[in-house]
Amino acid sequence: ITEHIGASRREEAVDDLVPGNGNVAIRMWRGVTVRGEVRLRGDQSPVSGAAVILRSAQPPHDSAVARTDAFGVFNLRLKPGVYLAQATAAGQATPGWQRVTITGESLETSVHLGLAGTGTVRGVIADASTGLPIEGARIRLESAGNVAAILRSGPSGEFRAAAAEGDNVLYFESTPGYMPPEPRGVRVSVAGGRELELPGIWLAPLPVFRVQVLDEDEETPVPGAVISLLRPRQFGWLASGADGWAEIRIANLPPDGRIVGLVEHPGKPSGAVFSLARSDAAGAAVKLLPLASV
């Protein structure tokens with residue numbers, strides 16, 4: 001819903017509307033005047049005709065859109081809340097999404113956005129064992145401390161993102177079935193109007209953790225012992241084989257590199273909580289102890 005008030009506009013998102021329902025009541029609020037300026041980061045000259053987006057951080061995440069006038073100024077009316085602001089012009093953009101908090105304690109809020117030239121960052125993520133491309137790897141791009149983009153690698157393992165000129169940081173986040181790279185963050189310097197191609201990024205597959213369940217005497221294997229993962233939480237259970245061994249496969253490794261599980265004897269009240277590090281992947285033993293009741 002958009003209502004024009006003089007030179008400014010008031011934006012309001014409405015949800016839970018049923019198609020065809022004519023009995024809809026929409027309550028409008030006066031809101032808070034948001035007066036902003038868009039200038040070049042270099043010489044601070046105003047930018048006219050820049051598109052400005054203010055996106056609400058609360059559901060339903062509605063967006064208000066405005067354009068700057070000849071003096072680089074824009075005006076909006078918004079209800080109090082937390083917003084993310086970004087401005088774009090021909091070949092230029094703000095470095096990421098800037099956080100804007102409208103408290104409602106004053107009748108007007110000022111926003112200042114700086115534009116810089118943009119370039120492109122691209123790269124390819126591949127399996128370190130097979131050399132095959134990895135699809136679905138999650139990458140977060142930050143510019144000037146602000147999140148600029150969240151993207152995933154495509155079927156060919158390639159990713160591409162527009163970035164503000166200057167220093168940017170790429171964070172390689174969770175990729176199901178693979179170890180995170182070291183270091184996770186890579187700082188890159190982007191030139192306006194240029195494309196920066198990163199060297200190949202290789203991810204190692206997550207290891208298969210092997211654990212043997214032993215009885216209280218630390219010698220007798222326990223077949224059929226029930227194992228459940230507590231961290232990372234996974235649905236379902238595992239059972240040890242005839243020799244007491246079980247293989248644990250996980251999709252993502254916790255940040256500290258340790259997994260935690262619970263194992264219980266199939267026929268008597270005994271069990272144990274165990275923790276495995278990456279160095280334990282080749283094989284570890286878990287001793288069962290009598291369980292007490294509470």
Side-chain angles (χ1 to χ4, degrees), residues 1-13 28-121 140-151 161-171 185 187-194 196:
I1 306 294
T2 304
E3 181 183 5
H4 291 267
I5 306 174
S8 65
R9 297 188 303 170
R10 177 167 60 193
E11 305 280 348
E12 180 70 21
M28 300 294 291
W29 299 82
R30 180 171 179 81
V32 177
T33 299
V34 179
R35 185 180 186 277
E37 291 183 327
V38 178
R39 294 179 176 272
L40 294 178
R41 295 175 62 188
D43 57 9
Q44 291 298 303
S45 59
V47 180
S48 63
V52 182
I53 301 176
L54 277 88
R55 180 185 178 190
S56 174
Q58 297 89 19
H61 303 293
D62 53 306
S63 298
V65 182
R67 282 196 177 275
T68 58
D69 59 18
F71 303 99
V73 175
F74 65 92
N75 290 278
L76 283 171
R77 280 186 180 271
L78 297 173
K79 60 184 178 182
V82 179
Y83 294 83
L84 299 176
Q86 186 181 59
T88 58
Q92 297 174 320
T94 52
W97 291 85
Q98 181 175 317
R99 183 185 177 97
V100 177
T101 301
I102 302 175
T103 63
E105 297 177 355
S106 59
L107 298 178
E108 184 174 301
T109 298
S110 297
V111 178
H112 301 279
L113 301 174
L115 286 188
T118 59
T120 305
V121 180
R140 183 177 84 250
L141 172 66
E142 290 191 1
S143 297
N146 301 317
V147 177
I150 300 291
L151 56 150
E165 63 181 354
D167 285 343
N168 294 264
V169 181
L170 286 168
Y171 290 98
R187 186 176 297 274
V188 296
S189 181
V190 178
R194 306 289 296 274
L196 175 64

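Considering CZ of R187 and OH of Y171, their distance stands at 7.0 Å, rounded to 0.5 Å.
Looking only at distances, a side-chain donor or acceptor of E165 sits under 3.5 Å from a matching main-chain atom of G117. With R67 contributing its side chain and G49 its backbone, the two residues share a donor-acceptor pair below 3.5 Å. Remark: the backbone N or O of A164 is paired with a side-chain donor or acceptor of N168 at under 3.5 angstrom. Not one N or O on the side chain of T68 forms a donor-acceptor pair closer than 3.5 Å with the backbone of V38.
Considering only heavy atoms from C-beta on, V188 comes within 4.5 Å of L196 through its side chain. Looking at I102 and V34, their side chains come closer than 4.5 Å, going by heavy atoms from C-beta outward. A 4.5 Å side-chain heavy-atom check between L54 and L78 finds at least one atom pair inside the cut-off. You'll find the side chain of S63 reaches within 4.5 Å of the side chain of I53, heavy atoms only.
Under the rule for a side-chain hydrogen bond (donor to acceptor under 3.5 Å, both in side chains), T109 has no partner lying at least two apart in sequence or in another chain. Scanning for side-chain hydrogen bond (donor to acceptor under 3.5 Å, both in side chains) contacts around H61 gives an empty result, with sequence neighbours left out. For S189, the side chain to side chain contact (heavy atoms under 4.5 Å, CB included) partners at least two apart in sequence or on another chain are D167.
The two residues G119 and V190 have their closest heavy-atom pair at CA-CG1, 3.7 Å. Shown here for R55 and W97, the closest heavy-atom pair between the two residues is CB-CZ3, 4.3 Å. Across all non-hydrogen atoms, the minimal contact from P46 to F71 is CB-O, 3.3 Å. Taking both residues in full, the closest heavy atoms of R35 and N75 are given as CG-OD1, 3.5 Å, listed atom of the first, atom of the second, then distance. Closest approach of L115 and Q92 over heavy atoms only: CD1-OE1, 4.1 Å. Closest non-hydrogen pair, V169 versus G185, comes out as CG1-CA, 4.5 Å.
Between the side chains of S106 and E108, not a single donor N or O lies within less than 3.5 Å of an accepting N or O.
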Applying side-chain contact (heavy atoms from CB on, under 4.5 Å) to L40 and V47, what does each step give before you reach the verdict? CA-CA 7 Å; L40 294 178; V47 180; 3.7 Å; yes
